[in-house]
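One structure is given below, encoded as structure tokens.
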Amino acid sequence: MLPFKTLIVIDRNSRQPLYLQIANRFVGLIREGVLKPGLLLPSSRVLALQLELHRKTIVAAYEELVSQDWVTAIPRKGIMVASNLPVIRPRSFQTPSSPYGQGPAFSFGSIPTVALSRHETAPPGQLIINDGFPDVREAPLEAWVKESRAIIQSPRYHQLLTYGTPAGSNALRRQLIGYLTNTRGLSITPDNLMVTRGAQMAIYLAAAMLIKKGDYVIVGSPNYFFADLCFEQLGARLLRVPVDEDGIDVEAIEQLCRKHKVRMLYVVPHHHHPTTVTLSAERRMKLLHIIRTYRLAVLEDDYDFDFHYSSAPILPLASGDHGGNVIYVGSFTKSLGLSVRIGFMVAPAAFLAETARLRQLMDLRGDNLSEETLAALLADGTIERHLKKSGRLYHERRDQLAHLLRMKLGNKVQFTEPAGGMAIWVTFDPRFPLSVISGKAAAMGLRITGGEHYFYGTTPANALRFGFASLNHKELNKAVGILEKITVSFAGNSENIKFDTKKDQWKN
Ligand SMILES: Cc1ncc(COP(=O)(O)O)c(C=O)c1O
């Protein structure tokens, strides 16, 4: 039913009788085409309830409309907008003449972005090589739904329907403390922890609290493009530091700290994005020293910590001796599914208290029901079991993809098996440009990015993240098989070309 309470506005101070105001408003709505010929109007009882008026007033309004032939009274059916009205062209809410069909008269900012072919959804029957997303077919959705239902049915649910704290559900924060202590060796209290909508919100909030226009921010080269865009949007000047097979170059970081007043360093030490490399233990120790020496604010992004395949995970900088300078962000979106928007930020209490106020300005608080559901699944061990199970599965898939790439693409590609995460960083021989491969692959039922967005602000290379976690055995086989066919059909061969691991590029 149309929102008559909003459509029919009554002026109680007007001298015009109420029933006439209503009748005139109906005429207006019919003329504007909002109420179309043949539409059955609500009964006088229902409309009286909606408008909080006496039913007799509505009856009088309808009688007025009948007498003017705008509506017809149909026995046993009700009041209907007359179907033979003169010169009325019904219009929908979204016609070209809609006020929103035109551009606004006011000016507004423009937000830089990158073109993301990876976000396309593949039509049925087609495959998509994504950036490194989880396999949502494996997500513990049954447990999630069951737990959500139990919470909704519990007597305490009405408490969850209020706003609550912007730092997130207390139950979830309690659970997270246990989880982060056990898995990452963090030593924190509840006021060091804030629940966010994914790691991305945490990155934005932390950066917005630190960065002022013109500030220097150090990032890897290449780096996670949405972090770069976010810092630049806030006015940062990015200082790019090379990333090699041992992770970000910490000597270069130190040189920059000597030269500039650096506001912040952004790092992804566990599995750097996009190249997936892990920061070596030696560099990690050196970086902690730099952080303490220069009192450098560090934003440590550990968005895919839960997936590591070679022995124990590397502990984050946040669990080391950093003198309170590391803001640590993580996420459950990669373990549960990308649209379960729950992440977290760990930081000194005073910083988090202010950050919570900033969050309140854009999002009063997160989603209570999801946060409580996650808390319950952490408490009963579902998340731990799921992470173990999917970790084993993704480990197998990483190995399978590495095997397939070697077997089917051989020296046309170069890669190092990542110690964890959900993607392999694959560099193609320049004679097989990804921009061309992606076009040919699409025609063969495989969506694959041309890879340009990974090099936002840096020198482009012929490389991409090949997400393996969301593709099963058969799908991986098919995807690499298509790439094999495409590359075989290319002219020339790549025998004289060699890969320089240090520089992460091909050389003749
Ligand atoms: C390096 C990196 N950080 C943060 C994020 C954001 O993750 P979330 O989905 O938790 O917001 C992503 C997303 O892919 C990412 O790749």
Side-chain angles (χ1 to χ4, degrees), residues 113-114 116-119 128-136 139 168 172 176 180 194-208 217 219-231 233 238 243 247-248 264-279 298-308 314 316-318 327-346 359 362-363 366-367 370-371 374 383 387 394 418-425 449 451 453-458 463-470:
T113 190
V114 291
L116 284 178
S117 45
R118 69 180 185 134
H119 277 171
I128 186 160
I129 295 177
N130 61 41
D131 191 63
F133 297 163
D135 191 337
V136 285
L172 179 55
L176 279 178
L180 293 173
M194 175 170 164
V195 179
T196 57
R197 293 196 195 258
Q200 191 63 40
M201 181 193 246
I203 292 171
Y204 185 85
L205 286 175
V217 170
V219 296
S221 177
N223 192 41
Y224 173 46
F225 43 89
F226 276 146
D228 287 356
L229 288 165
C230 165
F231 306 149
Q233 163 66 16
L238 299 189
V243 178
I248 196 159
M264 190 183 93
L265 162 70
Y266 167 82
V267 274
V268 199
H270 206 191
H271 308 125
H272 181 75
H273 191 290
T275 60
T276 77
V277 292
T278 302
L279 188 66
V298 176
L299 180 51
E300 180 177 24
D301 181 354
D302 207 0
Y303 75 110
D304 69 352
F305 171 93
D306 291 309
F307 301 99
H308 38 81
I314 305 291
L317 295 169
I327 299 160
Y328 178 74
V329 308
S331 181
F332 282 89
T333 66
K334 297 290 181 290
S335 24
L336 290 170
L338 303 175
S339 62
V340 178
R341 302 296 305 156
I342 302 183
F344 51 87
M345 182 190 315
V346 172
R359 186 247 176 89
M362 66 164 85
D363 178 31
D367 169 2
S370 299
E371 291 178 14
L374 179 58
I383 298 293
L387 289 176
Y394 298 164
M422 299 184 173
I424 297 184
W425 179 244
T449 172
H453 61 274
Y454 293 119
F455 301 96
Y456 175 75
T458 59
L464 87 165
R465 284 168 63 93
F466 194 132
F468 53 78
S470 60

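Just follow the structure's listing: the first ligand is 1, and inside any ligand the first atom is 1. Side chains are part of it too, since the values below use all heavy atoms of this structure and drop only hydrogens, waters and symmetry mates.
Within the 4.0 Å heavy-atom criterion, both parts of Q200, backbone and side chain, lie near ligand 1.
Classification of the W425-F455 ring pair by plane angle, with boundaries at 30° and 60°, yields tilted. Ring-plane geometry between H270 and F305 is classed as tilted, the angle between the planes lying from 30 to 60 degrees on a 0 to 90 degree scale. The aromatic rings of H453 and F225 stand perpendicular to each other, their planes meeting at an angle above 60°, with 30° marking the opposite boundary.
Below 4.0 Å from some heavy atom of G198 lie the following atoms of ligand 1, by number and element: 10 (O), 11 (O). Here is the list of ligand 1 atoms found below 4.0 Å of a heavy atom in R341: 8 (P), 9 (O), 11 (O). Here is the list of ligand 1 atoms found below 4.0 Å of a heavy atom in S331: 8 (P), 10 (O).
Checked by distance only, ligand 1 and A199 come closer than 3.5 Å through their nitrogen or oxygen atoms. Taking distance alone, with nitrogen or oxygen atoms compared against 3.5 Å, T333 approaches ligand 1 more closely than that limit. Between R197 and ligand 1, not a single N/O pair is under 3.5 Å apart.
Between the side chains of D304 and H273, no donor N or O sits under 3.5 Å from an acceptor N or O.
Nearest-heavy-atom check against atom 6 (C) of ligand 1 across Y224, F344, Y204, Y303 picks out Y224.
Ligand 1 has K334 within reach: a non-hydrogen atom of the residue lies less than 4.0 Å from it.
V219 is not listed as a side-chain neighbour of Y224, based on a closest heavy-atom distance of 4.5 Å or more. Proximity of N223 to Y456: side-chain heavy atoms (C-beta onward) are nowhere separated by under 4.5 Å. M362 is listed as a side-chain neighbour of M201, based on a closest heavy-atom distance under 4.5 Å.
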